[in-house]
Amino acid sequence: MNVTVLTAISDSRREAELAAGLHDTDLGVTVVRRCVDVADLLAAGAAGLAQAVVLSSDLRRLDRATVHRLHDTGLAVVALAPDDQATHERLRRLGIEVVVADGAVAARVAAAVVGAVRDHGPAGPPAPPYPADPEVGGGGGRLVAVWGAAGAPGRSVVAVNLASELAGLGHSALCVDLDTYSAAVAQLVGLLDDGSGVAAACRAANAGSLDESMLRRLSVEVRPRLRVLTGITAAHRWPEIRPALLEVVVDRARRAFDFVVVDVGFCVEQDEELSYDTVAPRRNGAAVSVLRAADLTIAVAAADPVGIARFVGAVGDLPTAGQGSPHLTVINRVRRSAIGRGDPAQQIALALGRYADIGEAVMVPDDPSTADAAIATGRTWAEVAPGSPARQALAGLARRIAGDPAPAAAPRWRGRLMQVRS
Ligand SMILES: Nc1ncnc2c1ncn2[C@@H]1O[C@H](COP(=O)(O)OP(=O)(O)O)[C@@H](O)[C@H]1O
Ligand SMILES: [Mg+2]
């Protein structure tokens, strides 16, 4: 078997020595091109010049996307690396399975290349643009997605206060701002810093370096047990938040926190592409993937005729709809003045039952003074008005999600959690 290889090795002396060693000893492996960097390597790979790549672990800009593109063009990838566990771990996370010691003799490298080419086989069908992360699937934390239709029904306020109430109950919680149209979580908790935690976490996921402690470092502790992963500060940065990377972020978050509460914004249409992930980025992909993975979706609607109509029109199209995954509806800013006659909660419940087949909703009263005091000072509702019915409704929602019993002296708001038959 004669195998053609590309090399991309940072130490050029080592590269020359290895190429000569492979050539002289006639091991059936020939170096057809020595590439100067990742871009050169990708171009040579795409041109079909070789069957395998030998690269050094310290190659600049080596990330998961690169490894995947090399694999996708049919190349087997062999890394030369120092004998330390952290490097081997990083390479594994990048999707590189075959690793040979830095200083190995040419015969050893040749054997690894031949084995890798045999195992890799010819290029298969196009795969998603990132290799599967080997660790995804563990972690006991629960993923709660907070969604709401267009307008501003209060998704971010619900997400932040729900996470803070869960923290107040003694659970560790991470609130993630994944609204790629209008991030708001940082402001709601009084953070002025303009970096994006979620973009940084996605970059680390792409570099194969995101673990639980790195995720903790990239998030900000805003209250005891409550951390926030801030959103993208400029809406045009949305391509940085790719579903396959976010999957890794969510996985690490689930390992590190009891609850991961994600503000997914309003737009979850999947008109761009129905498949899971393609080379072209999709703006709503991240929100869609979180909704699909969520243990619970909180769907927030504004308690006025426009808000309810938008909600009813959109809730059926949620990526989770029809999959039997649990939904909880929150009707926010409930007030008589926007509904007209009768008890507003009852009127809304009737409409939900009739038009969306929703039999149960948590009603959060309109409370501009609490909401404004909170937003003006970057504090939570529990901090600015602990006894307010609006805060009590969200505290009850948190207890319900956490499975904690209500406190002994049940406040009046409990009557607001209603069951309505449709
Ligand atoms: N129950 C409520 N009563 C009064 N104002 C509220 C209530 N819930 C949210 N608000 C206010 O509504 C505005 C929009 O809330 P936000 O959570 O940012 O909406 P979204 O994330 O859906 O765009 C904010 O100014 C917020 O303080
Ligand atoms: Mg918002």
Side-chain angles (χ1 to χ4, degrees), residues 144-165 175-191 196-198 228-235 238 241 261-268 283-284 286-287 290-291 297-304 306-311 313-315 318 328-339 344-345 348 361-398 413 416-417:
V144 180
V146 180
W147 167 85
R155 300 172 295 255
S156 303
V157 159
V158 168
V160 165
N161 283 283
L162 176 61
S164 93
E165 295 290 348
C175 185
V176 181
D177 191 342
L178 200 61
D179 185 334
T180 53
Y181 293 83
S182 45
V185 169
Q187 282 93 329
L188 288 178
V189 295
L191 292 176
S196 166
V198 77
V228 161
L229 199 57
T230 57
I232 47 173
T233 42
W238 64 265
I241 318 297
V261 180
V262 187
D263 176 353
V264 299
F266 73 95
C267 196
V268 294
R283 186 163 194 170
N284 306 331
V290 164
L291 282 162
T297 299
I298 310 259
V300 185
D304 57 70
V306 172
I308 298 295
R310 284 180 175 168
F311 176 83
V315 72
L318 278 183
L328 240 164
T329 301
V330 171
I331 306 297
N332 191 24
R333 308 197 67 168
V334 176
R335 59 205 186 278
R336 177 180 296 211
S337 55
I339 297 298
I348 291 166
V362 174
M363 301 284 170
V364 180
D366 188 36
D367 188 346
S369 60
T370 296
D372 285 352
I375 219 162
T377 55
R379 288 184 295 165
T380 62
W381 288 4
E383 288 166 328
V384 297
S388 67
R391 182 263 161 159
Q392 291 289 351
L394 291 182
L397 176 67
W413 61 266
R416 296 261 176 203
L417 191 67

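Quick note: numbers below take in every heavy atom, side chains included, and nothing from hydrogens, waters or symmetry partners. Start at 1 with the first residue, then count along the sequence. In each ligand, atom 1 is the first atom listed, and ligand 1 is the first ligand listed.
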Selection from [options] by shortest heavy-atom distance to [atom]:
{"atom": "atom 7 (C) of ligand 1", "options": "R155, R335, R333", "answer": "R333"}
{"atom": "atom 1 (N) of ligand 1", "options": "N161, N332, D367, V334", "answer": "N332"}
{"atom": "atom 10 (N) of ligand 1", "options": "A374, A183, A371", "answer": "A371"}

Answer yes or no: is there a side-chain heavy-atom contact under 4.5 Å between V364 and V334? no
Side chains of V176 and V261 in contact at under 4.5 Å (non-hydrogen atoms): no
Whether the side chain of D177 engages the backbone of V185 through a donor-acceptor N/O pair (distance < 3.5 Å, no angle test) should be reported. yes
Look only at the side chain of N332 and the backbone of P153, and say whether a donor-acceptor pair between them is shorter than 3.5 Å. yes
Any donor-acceptor N or O pair under 3.5 Å, side chains D372, S369: no
Does any donor atom in the side chain of D263 or S156 lie under 3.5 Å from an acceptor atom in the other side chain?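 Side chains of D263 and S156: pair found under 3.5 Å.
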Subset of ligand 1 atoms that lie under 4.0 Å from at least one heavy atom of [X]:
{"X": "P368", "value": "4 (C)"}
{"X": "A152", "value": "14 (C), 19 (O), 20 (P), 22 (O), 23 (O)"}
{"X": "I375", "value": "24 (C), 25 (O), 27 (O)"}

[X] and [Y]: which non-hydrogen atoms are nearest, and at how many Å?
{"X": "A149", "Y": "R155", "value": "O-NH1, 2.8 Å"}
{"X": "I339", "Y": "A303", "value": "CD1-O, 3.6 Å"}
{"X": "F311", "Y": "V300", "value": "CD1-O, 3.9 Å"}

Atom 13 (C) of ligand 1: protein heavy atom closer than 4.0 Å? no
For side-chain contact (heavy atoms from CB on, under 4.5 Å), just list the numbers for L397 and L162, CA-CA rounded to whole Å, side-chain angles, deciding distance to a tenth of an Å, and then say yes or no. CA-CA 7 Å; L397 176 67; L162 176 61; 4.2 Å; yes
Applying side-chain contact (heavy atoms from CB on, under 4.5 Å) to T297 and L318, what does each step give before you reach the verdict? CA-CA 10 Å; T297 299; L318 278 183; 4.3 Å; yes
Quick test: of every protein heavy atom, which one is nearest to [atom], and how far off is it to 0.1 Å?
{"atom": "atom 18 (O) of ligand 1", "value": "S156 CB, 4.1 Å"}
{"atom": "atom 17 (O) of ligand 1", "value": "V157 N, 2.8 Å"}
{"atom": "atom 16 (P) of ligand 1", "value": "G154 CA, 3.7 Å"}

Select one of side chain, backbone, both or neither to describe which atoms of [X] lie under 4.0 Å from any atom of ligand 1, heavy atoms only.
{"X": "P365", "result": "backbone"}
{"X": "A184", "result": "neither"}
{"X": "Y181", "result": "neither"}
{"X": "A390", "result": "neither"}
{"X": "D366", "result": "both"}

Measuring to the Mg ion (ligand 2), does S182 have an N/O/S atom at a distance below 2.8 Å? no
Strictly under 4.0 Å, does any heavy atom of W381 approach an atom of ligand 1? yes
So is P153 close enough to ligand 1, meaning a heavy atom under 4.0 angstrom away? yes
